[in-house]
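In what follows, a structure is listed as structure tokens, so that the remarks can point back to it.
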Amino acid sequence: MNLLLMGPPGAGKGTQSKRLEGVFGLVQLSTGDMLRAAVKSGSELGQKAQAIMERGDLVPDDLIIDMISARIEEPDCANGFILDGFPRTVPQAEALAVMLAEKGGKLDHVIELAVDDEAMVQRITGRYTCAGCGQGYHDEFEKPAKEGVCDKCGGTEFTRRADDTEDTVRNRLNAYHEQTAPILAYYKEQGVLKDVDGMADIDAVTDQLKGVIGGA
Ligand code: AMP
């Protein structure tokens, strides 16, 4: 089974993908995570992507399409995957359709996490992660039980994404509405688009997703 979670930055695609991975035995494919790893490693792709990501603009389609088409050929994807952050443009969605058709696969569910833009600015600018185990926290909504100490691993180092500043978040939201939202119409026409309320609390969103996916 292959899933695609859609929604603007901060909608919860990453958080929910990680939860669904275990439930359905799928692998999360986050193009944002892959690009951040490329930036960290200093690879050619990372060098091309870094400044674009810091501005909150989209990395060129050809780079993204090459990256994801190589990734879905890897053995851990054989059982199916959850796409998080890809496709983000109509050409990417079209390229994905070709890739899946070549493998004899398809998207089983495209689910939009419906959210409110202003709430996304607040969600994103407050979020941070444990540098040791990757557990996510938020300045207001999800603080560790003991300030400065990770609940999960006891780590005391935390990181924030370089593109989680207010100006960049607003640019990322614009990019979503201008370049990514048109894909929703593309999937609606194909009759595969469903939506869930992404403003509900995290567990309630997971339950809604499980209902949509499991109930098909
Ligand atoms: P994300 O972690 O999904 O919020 O992505 C972080 C940044 O990586 C985005 O703001 C873009 O600059 C870049 N990026 C991630 N996925 C894509 C994609 N599918 N197409 C173009 N740029 C992307």
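All values derive from a computational prediction rather than experimental measurement.
Both Y187 and I68 sit in one connected hydrophobic cluster of ILVMFWY residues. Membership requires side-chain heavy atoms under 4.5 Å apart, directly or through other members. Placement of I52 and V39 within a single hydrophobic cluster is found when ILVMFWY residues are connected by side-chain heavy-atom separations under 4.5 Å, directly or transitively. Criterion: ILVMFWY side-chain heavy atoms under 4.5 Å apart, direct or through other members. Under it, V169 and L113 are not part of a common hydrophobic cluster. By the rule that hydrophobic residues join a cluster once side-chain heavy atoms approach within less than 4.5 Å of another member, V196 and L20 end up as members of one cluster. At a threshold of 4.5 Å between side-chain heavy atoms, the hydrophobic network of Ile, Leu, Val, Met, Phe, Trp and Tyr places L3 and V205 in one connected group.
Between the side chain of K13 and the backbone N or O of P8, at least one donor-acceptor pair lies under 3.5 Å. Of the possible polar contacts, none joining the Q28 side chain to the I82 backbone as a donor-acceptor pair under 3.5 Å is found. With T180 contributing its side chain and R88 its backbone, the two residues share a donor-acceptor pair below 3.5 Å. Distance alone, capped at 3.5 Å, is enough to place a donor-acceptor pair between the S69 side chain and the I65 backbone. A donor-acceptor distance shorter than 3.5 angstrom exists from the side chain of K103 to the backbone of I72, with no hydrogens or angles considered. A side-chain donor-acceptor contact under 3.5 Å links T31 to the backbone of G85. Put simply, the side chain of N2 gets close to the backbone of F81: a donor and an acceptor are under 3.5 Å apart.
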What verdict does the side chain to side chain contact (heavy atoms under 4.5 Å, CB included) test give for L209 and R19, after you've listed the backbone C-alpha separation in whole Å, the side-chain angles of each residue and the deciding distance to 0.1 Å? CA-CA 10 Å; L209 287 167; R19 289 171 162 226; over 6 Å; no
Take R71 and D76 through the test salt bridge (Lys or Arg N to Asp or Glu O under 4.0 Å) and record every step on the way to the result. CA-CA 9 Å; R71 181 67 186 89; D76 62 335; 2.7 Å; yes
Walk me through it: do T206 and Q16 pass the test side chain to side chain donor-acceptor pair (under 3.5 Å)? CA-CA 6 Å; T206 309; Q16 296 297 337; 2.6 Å; yes
Between L173 and M120, does a side chain to side chain contact (heavy atoms under 4.5 Å, CB included) hold up when you go through it step by step? CA-CA 9 Å; L173 287 167; M120 293 308 99; 4.2 Å; yes
Apply side chain to side chain donor-acceptor pair (under 3.5 Å) to residues H177 and D117 and explain how you reach the verdict. CA-CA 10 Å; H177 291 295; D117 263 24; 3.0 Å; yes
Dump the intermediate steps for side chain to side chain contact (heavy atoms under 4.5 Å, CB included) on K40 and L35, then the final yes or no. CA-CA 9 Å; K40 207 169 169 192; L35 290 167; over 6 Å; no
Using the side chain to side chain contact (heavy atoms under 4.5 Å, CB included) rule, take E142 and I202 through it: C-alpha gap first, then chi angles, then the decisive distance, then the call. CA-CA 11 Å; E142 209 183 336; I202 296 183; 4.2 Å; yes
Report the C-alpha distance between R123 and D116 in whole Å, list the side-chain angles of each, state the deciding distance to 0.1 Å, and finish with yes or no for salt bridge (Lys or Arg N to Asp or Glu O under 4.0 Å). CA-CA 11 Å; R123 266 196 201 176; D116 167 72; over 6 Å; no
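Counting heavy atoms from C-beta on, the side chains of M6 and I183 come closer than 4.5 Å. By the 4.5 Å heavy-atom criterion applied to side chains, V192 and L107 are not counted as neighbours. Taking 4.5 Å as the limit, some side-chain heavy atom of L96 sits within range of a side-chain heavy atom of F86. Between M1 and F24 the shortest side-chain heavy-atom distance falls below 4.5 Å. Side-chain contact between Q92 and I64: present, with at least one pair of heavy atoms (C-beta onward) separated by less than 4.5 Å. No side-chain heavy atom of L4 sits less than 4.5 Å from a side-chain heavy atom of I111. Using a 4.5 Å heavy-atom threshold, the side chains of M34 and L29 count as touching. Counting heavy atoms from C-beta on, the side chains of Y186 and P87 never come closer than 4.5 Å.
Ion pairing between a basic and an acidic side chain is recognised when a charged N comes within 4.0 Å of a carboxylate O; R170 and D167 show no such pairing. D195 and K188 are not joined by a salt bridge, as no carboxylate oxygen comes within less than 4.0 angstrom of a charged side-chain nitrogen.
The structure places CD of E157 at 12.0 Å from SG of C150, a figure rounded to the nearest 0.5 Å. Between atom CD of residue E140 and atom CD of residue Q122 there is a gap of 5.0 Å, rounded to the nearest 0.5 Å. Note that CD of E112 and CG of L5 are 11.0 Å apart. Values are rounded to the nearest 0.5 Å. Expressed to the nearest 0.5 Å, how far CG of L58 lies from CG of L63 amounts to 12.0 Å. Atom CZ of residue R161 and atom OG1 of residue T165 lie 10.5 Å apart, to the nearest 0.5 angstrom. Atom CZ of R127 and atom CZ of F141 lie 12.5 Å apart (nearest 0.5 Å).
Defined by atom type and a distance below 3.5 Å, a donor-acceptor pair is present between the side-chain atoms of T89 and D61.
When all heavy atoms of D197 and Q208 are compared, the closest pair comes out as N-OE1, 3.0 Å. Considering every non-hydrogen atom in both Y128 and H138, the closest pair reads CE2-C, 3.9 Å. Considering every non-hydrogen atom in both L100 and K106, the closest pair reads CD1-C, 4.0 Å. Closest approach of A162 and E54 over heavy atoms only: CB-CG, 4.4 Å. Residues T159 and A131 approach most closely at CG2-CB, 4.0 Å, considering heavy atoms. The minimum heavy-atom distance between K143 and D151, with the atom names listed, is O-OD2, 4.4 Å.
Residue-environment remark: CD (E44) stays at or below the threshold of 12 foreign heavy atoms within 6.0 Å.
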